[in-house]
Amino acid sequence: MHMLLNRRVIVTGAGSGIGKAIVKRFLNEGAHVLGVVRKAEQVDEFTDHDEFCYVVGDVNNYSTNEIAVITAIEKWGGLDVMIANAGVWDFFKKLQKMSAKELEDGFSQIMSTNVRAVLMAAHASYPALNESKGALITTGSNACFRPGGGGPLYTASKYALRGVVGQLALDFAPNVRVSGVAPGATDTPISGIDALNQRQKSMNQDRERLESMGQHIPLGRISSPEEHTDLYVTLASENGARYITGTILISDGGLSAGA
Ligand SMILES: NC(=O)c1ccc[n+]([C@@H]2O[C@H](COP(=O)([O-])OP(=O)(O)OC[C@H]3O[C@@H](n4cnc5c(N)ncnc54)[C@H](O)[C@@H]3O)[C@@H](O)[C@H]2O)c1
């Protein structure tokens, strides 16, 4: 049975990691999917699929979010689900190890992608979601709930995102549900920010660090991106989560158990 038959969905950060796993799963579940990506070649494997299209751009620009929504409406006549998933990390950079300039610029850059871009995706998609009685889904993190998932910049951004989910759930009710998924450590190439000189880094290049992260997780390992996709399907489906809003569902292998 297709859980998302004909659901009209936008996914930001669709070119790798969790976003790409969502695209693949949603297409298999019968959805129409528009991916927002930084480079077209990131989605080469989907371009033959009739139900897939993409927009190339930077989610830090309002226009990227707006073009994605306009394109989806032109193609499908409306939008049911916006998944604001694109995000960047800070590779555990400690405040006391930052220069003043790194702090000044790093804070703006991480908040821009992890928080401001989500607000822009929400703003650009709200009229269409309100009309369809749809859903906004964000990708949070275990760092929405506890320190230790990054440095202070990343933690600040994900705690702020948690506030955004709660506030928008109030403001968009009753027509639009607003929720999130909070992955724990996941095997993806997530990169960092220019201000910290981390743009070219990928978390999953450092296999030793991933191994050691896994040792702190009750289930004994980090997750694959695919393992989170059931939750996105549930939150995006017409009948799966009709009474869920303002909530971020945790998928962290037990990391936050007892916290
Ligand atoms: N990997 C983890 O351990 C982990 C844990 C918790 C939460 N998350 C969250 O999951 C989400 C997805 O990250 P991921 O781990 O799949 O990493 P990823 O790097 O594979 O995916 C993020 C995607 O966002 C895109 N992106 C980043 N900045 C962008 C911008 N300004 N404009 C357009 N696209 C942009 C990247 O190109 C990339 O394709 C993020 O919000 C991240 O905070 C990841």
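Start at 1 and go down the list; that is how both ligands and their atoms are numbered.
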Between Arg207 (side chain only) and Asn204 (backbone N and O only), is there a donor and an acceptor less than 3.5 Å apart? yes
Under the ring-ring contact (aromatic ring centres under 6.0 Å, His included) test, residues paired with Tyr126 that sit two or more places apart: Phe172
Among Thr138, Thr186, Val11, closest by heavy atom to atom 3 (O) of ligand 1 is Thr186
Heavy-atom contacts under 4.0 Å between Asn85 and ligand 1: side chain, backbone, both, or neither? both
Using a 4.0 Å cut-off to any heavy atom of Lys158, which atoms of ligand 1 qualify? 41 (O), 42 (C), 43 (O)
Any side-chain to backbone donor/acceptor pair from Gln109 onto Gly106? Under 3.5 Å, distance only. no
Pair Lys24 + Glu226: basic N to acidic O under 4.0 Å: no
Nearest to atom 6 (C) of ligand 1, what protein heavy atom do you find, and at what distance? Pro183 O, 3.2 Å
Looking only at heavy atoms of Tyr154, does any of them come nearer than 4.0 Å to an atom of ligand 1? yes
Between Ser237 (side chain only) and Thr234 (backbone N and O only), is there a donor and an acceptor less than 3.5 Å apart? yes
Could you check whether Glu45 pairs with Lys20 (Lys NZ or Arg NE/NH1/NH2 to Asp/Glu carboxylate O, under 4.0 Å)? yes
Check whether any N or O atom of Asp58, backbone or side chain, sits under 3.5 Å from an N or O atom of ligand 1, and answer yes or no. yes
Please could you name the atoms of ligand 1 that Thr113 approaches to less than 4.0 Å, counting only its heavy atoms? 28 (N)
Test ring-ring contact (aromatic ring centres under 6.0 Å, His included) applied to Phe52 - qualifying residues, sequence neighbours left out: Phe46
Ligand-side contact atoms (ligand 1) for residue partner Met203, heavy atom cut-off under 4.0 Å: 1 (N), 3 (O)
Identify the residue among Val59, Thr12, Val56, Val55 that makes a side-chain contact (heavy atoms from CB on, under 4.5 Å) with Val37. Val56
Under 3.5 Å donor-acceptor, Arg177 side chain and Leu235 backbone: yes
Quick one: does Ser16 get an N or O within less than 3.5 Å of an N or O on ligand 1? yes
Quick check on contacts: which atoms of ligand 1 are under 4.0 angstrom from a heavy atom of Ser141? 6 (C), 7 (C)
Should you measure from each heavy atom of Gln42, which atoms of ligand 1 turn up under 4.0 Å away? 37 (O), 39 (O)
Option nearest atom 7 (C) of ligand 1 (shortest heavy-atom distance, choices Cys144, Gly140, Ala182, Ala185): Gly140
Look at the side chain of Asp90 and the backbone N and O of Gly151, then say whether any donor-acceptor pair between them is shorter than 3.5 Å. yes
If the contact criterion is a heavy-atom separation under 4.0 Å, does Pro225 count as touching ligand 1? no
What atoms of ligand 1 come within less than 4.0 Å of a heavy atom belonging to Asn60? 31 (N)
Does Lys20 come within less than 4.0 angstrom of ligand 1, counting non-hydrogen atoms of the residue? no
Go through ligand 1 atom by atom and flag the ones less than 4.0 Å from a non-hydrogen atom of Gly17. 16 (O), 20 (O)
At the 4.0 Å heavy-atom cut-off, does Ala21 count as touching ligand 1? no
Can Arg25 and Asp230 be counted as an ion pair, charged N to O under 4.0 angstrom? yes
Any idea which protein heavy atom is nearest atom 4 (C) of ligand 1, and the distance to it? Gly184 O, 4.0 Å
Distance-only donor-acceptor check, side chains Asp171 and Gln167, under 3.5 Å: yes
Any non-hydrogen protein atom less than 4.0 Å away from atom 36 (C) of ligand 1: no
Any idea which of Ala84, Ala86, Ala143, Gly57 brings a heavy atom closest to atom 26 (N) of ligand 1? Ala86
Aromatic plane relationship, Trp89 with Phe92 - under 30° parallel, 30 to 60° tilted, over 60° perpendicular: perpendicular
For ligand 1, find out whether one of its N or O atoms is nearer than 3.5 Å to an N or O atom of Val88. no
Does some non-hydrogen atom of Lys39 fall short of 4.0 Å from ligand 1? no
Atom 28 (N) of ligand 1: closest protein heavy atom, distance to 0.1 Å, is Arg38 NH2, 3.4 Å
Give me the nearest non-hydrogen protein atom to atom 23 (C) of ligand 1 as residue plus atom name, then the distance to 0.1 Å. Gly13 CA, 3.6 Å
One thing to verify: whether Glu238 and Lys133 come together as a salt bridge, which I'm taking to mean a side-chain N less than 4.0 angstrom from a carboxylate O. no
Honestly, for Val59 the part within reach of ligand 1 (heavy atoms, under 4.0 Å) is both
